Amino acid sequence: MDIKELLAAAVVRAAAAAMDEGILPKAELPEVLLETPPEKSFGDYATNFAMQAARSLKANPRKIAEAVIARLEMPWLDRAQIAGPGFINFYLKQEWLYALLQEILDQGEVYGNTTAGQRQKVQVEFVSANPTGPLHVGHGRGAAFGSALANLMQAAGYDVQKEFYINDAGNQIDNLAASVEARYLELLGQAVTFPEDGYHGKDIVETAQRIIDNAGSRYLMMSPADRREVFKQIALDEKLLALREDLESFGVTFDEWFSERSLFEDDAVAAACRQLREKGHAYDKDGAFWLRSTDFGDDKDRVIIRDNGIPTYFASDIAYHDNKFRRGFETVINIWGADHHGYIPRMKAAVAALGYDPARLEVLVLQMVSLYQGGELVKMSKRTGQGVTLTELIEEVGRDAARYFFIMRSLDSQLDFDLDLAKSHSNDNPVYYVQYAHARIASIFRQMAEAGIVFDSGAKAELCRLSTPFEQDLIRKLGDYPEEVFAAARDRAPHRIARFAHELAGLFHSFYNGCRVLGVEPELTMARLALVAATQRVLKHALSILGVDAPEKM
RNA sequence: GUCCCAGUAGCUCAGGGGAUAGAGCAACGGACUUCUAAUCCGUUGGUCGGGGGUUCGACUCCCUCCUGGGACGCCA
């Protein structure tokens, strides 16, 4: 039962009937949109249909509304009223709420999942940090968001695959190798000049030290080129393992770790270049190989292969995206930092040049994260003097708070992360507020069991005993959940789920203060247990989308 | 100079053609003999950055300007 669909269909039927009777002129009708009115006195649902239809029907909105209302037929409808400039407000019978709750209970743990995605294959690629150092807080935002988006789209019925793209080819990784080599030589007492673009982190020194611990000085004898090749692999393996562990402890896992280097080994880069040339979308100029991206809306053409024969990162990105679409993903979602946004037009151009609809590539751009403590901007880690790492952040505020804070804001807002608030185990902290609601419900069930009461979630309780506004508001909110999941997935906006969970927790806390579950008449206890069980399930469902624990106790 | 994001309550942010613009925090005042007070109830708090336009209706769409952040490489 989707009450909005039922109401919309009833409106359409009523309008059609009025047109048949000649009361309204025949014309194309606008879509009937149902919304929750801003005030309870305006009913349970409302539509602006009459005002929207006024245009095409060339009629007075209130007259249209009147004609529709007179012909409305709907099982749960108590009455409908014209309001304001032409809104139709629907007032539903109370039985509707009880039927709604019963349906939520019947659906069990899958309540909230929708089939909107129709099992469409979607890939979400995120984090994809260079394996040259630890993750910082910006990666944390991408990681929390990406994993939540994947969970969300899965709940909305998409077939989602999570991928991490490993930048294991090119300059950065050569610099990594050269940096390790320099530290290695340094530790063995050799005079070295550190590479200009080298990595100065202490993790590089540690890697060099581990090489010495394992193999001593024997790489001194090796040719520099061979030595760097060996160090490259050692460093890469170490860094990738560290990345994987850091992300796992943040609740983020991937289905696929895709190697950039493999694109060269499989000749995919060369193949993509050949294809672009054959299609006439790429050409040689000034010794370099160019994509004619201006044909696809980019500002200027872009170099794929430099005049020194070395491919740019764009070359692997082209091959990579070709590979993604060849794997059969209907939609490919990339989550990038704001500093890469200028790269979007050329990437879309490349996708179009390869012959794919560029709309199938969605690039979500996340804005910067700033940490605040004591009202001051935190730029550097106190410990290392470098940027604050994700691991340090998790140690500081905990995994759940970190995830929740990253997700609760819309992506395109710059995020001010309040460390004090995230750390506080108090009512100020939104993540605990939501978790506490879940824990409180768990506590009720514990108390219930101690009191020897048996609750069967499959049994039909006398739900009509749920008569207070506390209870009814809660049911209404629970009823909104599937649509919220759908809309959040459509908008790629997991923060809506965080917001919903917070609002639901608020309604529950009010209910909790206003109504007792245990120690009232048995029938009422049973009805309230049913309500509370449904609330707990929805809270858990929402929290699991966010990747935040739903604790039994706090 | 061009492009992207943002500008909404003291602070952090939702909302995205419709009814009286919302939430959290902060401030102030209340509620524990009762399932967890990490909670609840109430009060205070707004020229939705400025100016034009489109519309029956604009915080929302268009134009323009201002402010803050970011991007504009044969770097990644």
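Per chain, numbering begins at 1; letters A, B, ... match sequence-line order. Being a predicted model, the structure only gives us computed values, none of them experimental.
- Contact annotation for A:Glu260: no contact, since no heavy-atom pair falls under 4.0 Å across all strands.
- Two rings, from A:Phe126 and A:Phe145, have their centers 6.0 Å or more apart.
- In this structure, A:Leu411 atom CG and B:A6 atom C1' are separated by 13 Å, rounded to whole Å.
- Taking atom CZ of residue A:Phe500 and atom P of nucleotide B:G15, one finds them 16 Å apart after rounding to whole Å.
- Stacking is not found between A:Phe87 and the pyrimidine-like six-membered ring of the B:G18 base under the 5.5 Å centre-distance and 30° plane-angle cut-offs.
- Distances from the side chain of A:Arg409 to the nucleotides B:U12, B:A38, B:C35 place B:U12 closest.
- The distance from atom CH2 of A:Trp290 to atom C1' of B:C74 is 7 Å, rounded to the nearest whole Å.
- A donor and an acceptor atom sit less than 3.5 Å apart, one in the side chain of A:Asn48 and one in the base of B:G18.
- Here the shortest heavy-atom pairing between A:Ile69 and A:Gln81 reads CD1-C, 3.7 Å.
- Taking every side-chain heavy atom of A:Met368 into account, B:G69 is the closest of B:G69, B:A76, B:A38.
- Map A:Val303 and A:Ala46 each onto its nearest nucleotide of RNA chain B; the residue landing nearer the 5' end is A:Ala46.
- The neighbour count for A:Glu483 CD, taken as heavy atoms of other residues, nucleotides or ligands under 6.0 Å away, does not exceed 12.
- Residue A:Glu484 contributes atom CD, which lies 17 Å from atom P of B:A23 at whole-angstrom precision.
- The residue among A:Gln447 and A:Met408 whose nearest nucleotide of RNA chain B lies closer to the 5′ end is A:Met408.
- Considering every non-hydrogen atom in both A:Ser293 and A:Lys300, the closest pair reads OG-O, 2.8 Å.
- Base orientation for B:C40: anti, the chi torsion being more than 90° from 0.
- Base engagement by A:Ala83 is indicated by at least one non-hydrogen atom pair under 4.0 Å involving a base atom.
- As rounded to whole Å, 13 Å separates atom C1' of B:A38 from atom CG of A:Leu421.
- The aromatic rings of A:Tyr343 and A:Phe314 sit perpendicular, their planes meeting at an angle over 60°, well past the 30° parallel limit.
- Heavy-atom contacts from other residues, nucleotides or ligands closer than 6.0 Å to NZ of A:Lys540 number 12 or fewer.
- Residues from residues 502-514 of chain A with heavy atoms under 4.0 angstrom of RNA chain B, sorted by number: A:His502, A:His509, A:Ser510, A:Tyr512, A:Asn513.
- Pairs of Watson-Crick or G-U wobble type, with distances under 3.5 Å, assemble into runs of 3 or more in RNA chain B at these ranges: B:1-7 with B:66-72, B:10-13 with B:22-25, B:27-31 with B:39-43, B:49-53 with B:61-65.
- Residue A:His495 is in sugar-phosphate contact alone, with no base atom involved, counting any heavy-atom pair closer than 4.0 Å across all strands shown.
- Among B:G69, B:U12, B:C35, the nucleotide with an atom closest to any side-chain atom of A:Val517 is B:C35.
- In this structure, A:Lys232 places its NZ atom where more than 12 heavy-atom neighbours from other residues, nucleotides or ligands lie under 6.0 Å away.
- Ring centroids of A:Phe258 and A:Tyr320 are separated by less than 6.0 Å, placing the two rings close together.
- Between B:C5, B:C13, B:G18, one nucleotide has an atom nearer to the side chain of A:Gln367 than all others, and that is B:C5.
- In this structure, NZ of A:Lys300 is placed 12 Å from C1' of B:U2, rounded to the nearest angstrom.
- Side-chain atoms of A:Asn89 and base atoms of B:A19 include a donor and an acceptor less than 3.5 Å apart.
- Near RNA chain B, defined here as any heavy-atom distance below 4.0 Å, the residues from residues 34-42 of chain A are A:Pro38, A:Glu39, A:Phe42, listed numerically.
- Ring planes of A:Tyr283 and A:Trp290: parallel class, angle under 30° (limits at 30 and 60°).
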